[in-house]
Amino acid sequence: MEKLITVDIADIKVSSDRDSTIVTYALGSCIAVIVYDPMQRCGGMIHYMLPLSTKSPEKAAWKPAMFADSGIPILFEKMYAQGCKKENIIVKVAGGGQLYDDKGTFNIGKRNYTVMRKMFWKNNIIIAAEDVGGAKSRTAKLRIADGRVTIKVKGVEAEL
Amino acid sequence: MITHEQILGKIDNLPTLPTAVAQLSRLIASPTSSAKDFETVIRPDPSLTANLLRLANSAYFGLRREVISVKQAITLLGSKRVFDIAASAGFSKIIPPRLPGYGVPSASFWLHSIAVAVLAERLATELHVKAPGLLFTAGLLHDLGKLAIGSFLENEEASLRDRLAEESESFVNLEKEILGTDHGEVGEELAKLWDLPEAVIWTAKWHHNPNDAGDIDTTLVDLVHIADAMAHMFGYGADLGELSRTIDPNVAQRLNFNIHSLEAVSSETETQIREMGEMFN
C-alpha cells in the first residue's frame, strides 16, 4: 500500500520508507527540489516559495523552507543525516512558473530558479532533470522505492 | 453561447448567502446603525454565529483573548470587521463540494478566496495605500461569479484545456469567448442580487481588468487584482486556468510596487492563509 507523504508550501519532507511516495501539489511560481540517493533508497523534497530570506531573517529562522537560501541546505542536511552521500544524490527540479507578465513585475518564479541555480553551481551540484517555467501549475511526486519522479501538468503525468 | 437569461436562471437556483449578510450590508451603509442592531441580525443564525466566532478567533484578526459572543466580537473588532467575518462565514457555507467547469474542490475555492482577502489587506499595508473599507470582503468574494457559471463551462472543459495548453489566451478571455460572458460580469449580477455593498460588486466585476472600470476609485479593485495573481502564483487554490492570467501594467504603476514588496507580503501571510484556509475543510 503506497503511503503518500505531502509536502506543504514552505515545507520539507525526507523519507526512506520504501512504501512511500512524497508529493507536493500546486507548484505555481514556487519550486520543488527533489533529491534521491539510490544507494540508500532515501529521498526528499522541499517546496519553497521565495528566493531569498535576507529581508525576513525572523521568518527564515522560524520557517526556513519558505526560502531557497535557507531551505535547500536543510534538505541536504536531512539527507546526510539519513546516511546519504552528496556524490550519490540525484537532483531534479520542478516549478518556477509564471503568469503572462510581459513586464516581468511578477517574476518570482524566475528569481526562485536563478537563486537555486547559483546555489547549486557554487556547491558543484548538477541538476539531472528539470521541468520549469511556463504558465503552469505542477504536481510533483517522488517514489522512494526506486526514485521515480513524475510531474503532472494540466492533468497529464510524465516522468522527469 | 449561453444567454443572459440562462445565467440569471442559474443564479435563481443557487444557494444564497445567509440573509443576515445582506441585512448587515445595509446596516454598515447606514450611519444610524448600532452594535446592538448587528447582534440582533447575527444571533438568530446559530451556524453563522459559530463560524463567525471561529474565524474571529483566528490569529489573523489579532484578538488577544478568545471571543465567545457576537456582542464581544463587535466590541473588540468593530462592526466593519464583523461584517467582513460574517460575509466570510456565510460564504463558506454556500461553496459546493466541487465547482464544476473549474475543476476545483470546495477546500481549494475557499483557500483561494481567503488568500486573496488576506493578501489584498497585507498588500495595502505594505504599500501604504489607504484601503477603502471592506477590502477583505471584496477580496473574499471576488470570484463569486464562478459559482453561477461553472456548470455552463463544464461541457466545454475539453476545449478549454486545449486552448489553455496553447498558453496564449487568459482563462477569463476564454470564458468570454466560449460563453459570451465571464465570471466577473456574472459576479456583478450575483452581488447585486444578494444586496452586497458596492465595493463587492465593483471588485467582482472588474478584478481581471481594473483599467476598464471607468471613473470609480479603483484602489480596491487594483489591490484585489494583484492579490488574485499572487494567490494563483503561490498555488493557493489552483484551478483549471492555473497561471493563465495577465497583469494589468497600469495597476503596477498605480500601486507603485516592486517584486520585493510582493515577496514581503507573501512571506508574511503564508501562515495566516493556511490557518484560515483549513478552517472549513
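Naming: A, B, ... by sequence-line order, numbering from 1 per chain.
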Once rounded to the nearest 0.5 Å, what's the spacing between atom CD1 of I9(A) and atom CD of E270(B)?
6.0 Å

Can you tell me how far the NE2 atom of H232(B) sits from the CZ atom of F106(A), to the nearest 0.5 Å?
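H232(B) atom NE2 to F106(A) atom CZ measures 11.5 Å (nearest 0.5 Å).
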
Should we count [atom1] of [X] as having more than 12 external heavy atoms under 6.0 Å?
| X | atom1 | answer |
| --- | --- | --- |
| E157(A) | CD | yes |
| K86(A) | NZ | yes |
| K118(A) | NZ | no |
| L4(A) | CG | yes |

Which portion of Q253(B) sits near chain A, non-hydrogen atoms under 4.5 angstrom:
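Nothing of Q253(B), per the 4.5 Å heavy-atom cut-off to chain A.
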
What part of A229(B) lies closer than 4.5 angstrom to a heavy atom of chain A: side chain, backbone, both or neither?
both

If you define the side chain from C-beta out and look only at heavy atoms, does anything of R274(B) sit under 4.5 Å from D8(A)?
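R274(B) vs D8(A): side chains touch.
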
Is there a side-chain contact between F234(B) and L27(A) in this structure, where contact means two heavy atoms from C-beta onward sitting under 4.5 Å apart?
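Contact flag for F234(B)/L27(A) side chains = no.
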
Under 4.5 Å from any heavy atom of chain B - which part of [X]:
| X | answer |
| --- | --- |
| K136(A) | both |
| K154(A) | both |
| L99(A) | both |

Counting heavy-atom pairs closer than 4.5 Å to chain B, which one of P51(A), G109(A), A60(A) comes out on top?
P51(A)

Between S29(A), G134(A), A10(A), which shows the greatest number of heavy-atom pairs under 4.5 Å with chain B?
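Between S29(A), G134(A), A10(A), the count favours S29(A).
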
Proximity of residues 61-82 of chain A to chain B, residues having a non-hydrogen atom under 4.5 angstrom
W62(A), K63(A), M66(A), F67(A)

Stepwise side chain to side chain contact (heavy atoms under 4.5 Å, CB included) check, Y100(A) with L243(B):
CA-CA 8 Å; Y100(A) 302 157; L243(B) 304 188; over 6 Å; no

R111(A) with E263(B): basic N within carboxylate O range, under 4.0 Å
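Here R111(A) pairs with E263(B) in a salt bridge, since their nearest N and O are under 4.0 Å apart.
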
Assess the residue pair S267(B) and M49(A) against the criterion (side chain to side chain contact (heavy atoms under 4.5 Å, CB included)); give the C-alpha distance rounded to whole Å, side-chain angles, the decisive distance to 0.1 Å, and a yes or no.
CA-CA 8 Å; S267(B) 70; M49(A) 288 175 82; 6.0 Å; no

Taking only residues two or more places apart in sequence or in another chain, which ones pass ring pair (Phe, Tyr, Trp, His ring centres under 6.0 Å) with F136(B)?
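F136(B) satisfies ring pair (Phe, Tyr, Trp, His ring centres under 6.0 Å) with Y60(B), F61(B) once adjacent residues are dropped.
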
Set out, in order, the CA-CA distance, both residues' side-chain angles and the distance that settles side chain to side chain contact (heavy atoms under 4.5 Å, CB included) for K110(A) and I259(B), then state yes or no.
CA-CA 11 Å; K110(A) 203 169 181 181; I259(B) 199 152; over 6 Å; no

